[in-house]
Amino acid sequence: MNKFENYCTKFVQSIGSKEGAVSPSIVSSASFSYGSPETAEGIFNGSVKKPLYSRMGNPTTAKLESIMAEMDEGIGAVATSSGMGATTLAVMSLLSQGDEIISIGGLFGGTYALFDETLSRFGITTHFFDVEAFDAIEKAINDNTKIIFLESVGNPNMRLPDIKRIASIADKYDVALIVDNTITPLSVSPLALGADITVYSTTKIISGNSSALGGCVVFRAISENADKFKTQRYPFLQKFIKNAGKTALIPNAKKRALRDLGMSANAHASYQTLLGLETLALRLPRIVKSVETVALELAKYGIAVNHPCIQSHPHHARYKEDFQYGCGTLLTIDMQSKERAYDFLRKTKIATITANIGDSRTLALHMASTIYSDFDEKTREFLGITDGLIRISIGLENPVEIINDFIQATK
Ligand SMILES: *Cc1c(COP(=O)(O)O)cnc(C)c1O
């Protein structure tokens, strides 16, 4: 069955309850009473499966986590307060001082700054590569490399990675592969392609309506046989593997990040995210189709559009082969100068000017003057940020109305 069709059934059936309140209940409590000292002891040692304290997990959030894990065919998930919280949780649970990250693609501004400016202050080095630099990526791996980090679609450079090939490099050297799949939930399944961990900003297309900030990290199961996480690269994981077996990455992430750093999701945001998730499989195919329609029409009109559905795009073949469910809601247009880009943004009546993406509404933003304003020229060039670049996230509006509005805005 078509993946979107399959999840139309799965999401609504698993989010609504068959008994009692149909809509998920919001358990708005920071703490939970244990009733007896014996139960308290059991909860803390893990033998009793009841909520401990909302920083470590909440029943509403747990529902979101179980459906996100199912969506990605993972063993489990941890929801967080934001997408950056998800990335921080995933990477900080695996890194120590002196370690190295190999970062490939995009890259989302916050993630770039986390690696380049913040983690560098704690003795962690990141090497940045384009998606095509396979040899250089392989050469950069050494004993200190703990993570290969990849974005499923370059935001905003729109370059597409060969996830399978990068996963096979990660496997060859027993290094963890983390994929930021924010832009392509459902469309791309990183764990099935060989990744170990997926991170999401659920703020974007998963919620889809700008109502809640959130993130989620999905983990694969540890194998009963040989596994990269059983090697000397990750000595700190061994005690978790001994106690939790195939789910070991989850208690490690909860202890090293949720408990100690506190980027925990709250029940209200998890509830709003569940409401968004319920219709994801219905919204996404419409938007993916509209993105193609808009990109091709604007290109025909002579506007410099960047999207891999366009034949001249360097990753057009990869788009056709590996991204049959699309590559998300984004396209970019290059208006050649800041002045012309501002003119477009003043004239468009449909696009909402904001830093968000993946919304029900069409959104647009000039890149160089906003998200990338404090990045130096060399970094902007690496990330594909030109003076006239506008990132557009297509929404649920009628695509013909979007096209007509954009064409009038470029005049
Ligand atoms: C938005 C975004 C993030 C960060 O998510 P927040 O929820 O805003 O913290 C991370 N990665 C990508 C690709 C994003 O688009």
Side-chain angles (χ1 to χ4, degrees), residues 61 64 68 72 77-92 101 103-119 126 128 131 147 149-161 163 178-188 190 195 197-218 257 261-266 268-270 272-273 276-277 280 284 287 291 323 326-332 352 354-359 363-365 367 370-372 383-385 389 391-395:
T61 301
L64 173 65
M68 290 291 294
D72 262 0
V78 177
T80 54
S81 55
S82 71
M84 281 315 301
T87 299
T88 305
L89 176 135
V91 302
M92 291 307 276
I101 303 172
S103 173
I104 304 168
L107 197 66
F108 176 72
T111 309
Y112 187 89
L114 169 69
F115 292 172
D116 192 54
E117 294 174 32
T118 301
L119 292 185
T126 303
F128 296 93
V131 290
I147 293 168
F149 191 93
L150 175 70
E151 275 184 12
S152 63
V153 178
N155 169 13
N157 74 8
M158 300 307 297
R159 288 171 71 72
L160 302 179
I163 299 178
I178 301 178
V179 175
D180 181 340
N181 202 35
T182 297
I183 301 192
T184 48
L186 275 191
S187 308
V188 173
I197 298 169
T198 338
V199 302
Y200 290 96
S201 164
T202 58
T203 316
K204 313 295 170 55
I205 190 70
I206 291 177
S207 284
N209 52 27
S210 203
S211 67
L213 194 68
C216 196
V217 186
V218 184
L261 300 174
M263 65 284 276
S264 322
N266 76 77
H268 288 269
S270 297
Q272 284 163 303
T273 306
L277 187 60
L280 175 67
L284 198 53
I287 296 182
V291 169
F323 291 77
C327 66
T329 68
L330 297 183
L331 57 85
T332 64
T352 302
T354 177
N356 195 16
I357 58 169
D359 199 85
L363 316 174
L365 191 67
M367 293 283 94
T370 58
I371 295 175
Y372 298 92
L383 298 172
I385 313 300
L389 192 75
R391 182 183 69 192
I392 292 164
S393 177
I394 297 295

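Start at 1 with the first residue, then count along the sequence. Each ligand, and each atom within it, is numbered from 1 in the order the structure gives.
The backbone N or O of Gly214 sits less than 3.5 Å from a side-chain atom of Thr202, completing a donor-acceptor pair. Of the possible polar contacts, one joining the Asp359 side chain to the Ser210 backbone as a donor-acceptor pair under 3.5 Å is found.
Of the N and O atoms on the side chains of Ser393 and Thr329, at least one donor lies less than 3.5 Å from an acceptor on the other residue. With no hydrogens or angles considered, no side-chain donor-acceptor pair links Thr182 and Ser201 at under 3.5 Å. Residues Asp180 and Tyr200 have side chains that never bring a donor and an acceptor to within less than 3.5 angstrom of each other.
Between Gly83 and ligand 1, a contact under 3.5 Å exists for at least one N or O pair.
No side-chain heavy atom of Glu151 sits under 4.5 Å from any side-chain heavy atom of Val179. Residues Val153 and Leu160 are in side-chain contact: their nearest non-hydrogen atoms beyond the backbone lie under 4.5 Å apart. Asn266 places none of its side-chain heavy atoms less than 4.5 Å from the side chain of Thr61.
The distance from ligand 1 to the heavy atoms of Lys204 drops below 4.0 Å at these ligand atoms: 1 (C), 2 (C), 3 (C), 5 (O), 14 (C), 15 (O). Which parts of ligand 1 touch Asn155 is read off a 4.0 Å heavy-atom cut-off, strictly below it: atoms 15 (O). Annotation for ligand 1: atoms under 4.0 Å from non-hydrogen atoms of Met84 are 4 (C), 5 (O), 6 (P), 9 (O). Of all atoms in ligand 1, numbered sequentially from 1 with element shown, those under 4.0 Å from a heavy atom of Ile357 are 15 (O). Applying the 4.0 Å criterion to heavy atoms of Asp180 picks out, from ligand 1, the atoms 10 (C), 11 (N), 12 (C), 13 (C). In the vicinity of Ser201, heavy-atom distances shorter than 4.0 Å reach the ligand 1 atoms 1 (C), 2 (C), 3 (C), 4 (C), 5 (O), 6 (P), 7 (O). Heavy-atom contacts of Leu213 reach the following atoms of ligand 1: 7 (O) (cutoff under 4.0 Å). For ligand 1, the atoms sitting less than 4.0 Å from at least one non-hydrogen atom of Thr203 are 7 (O), numbered in the order shown with element in parentheses.
Taking atom 4 (C) of ligand 1 as the reference point, the nearest protein heavy-atom neighbour is Phe108 CE2, 3.4 Å.
Taking a 4.0 Å cut-off on heavy atoms, Gly214 registers as neighbouring ligand 1.
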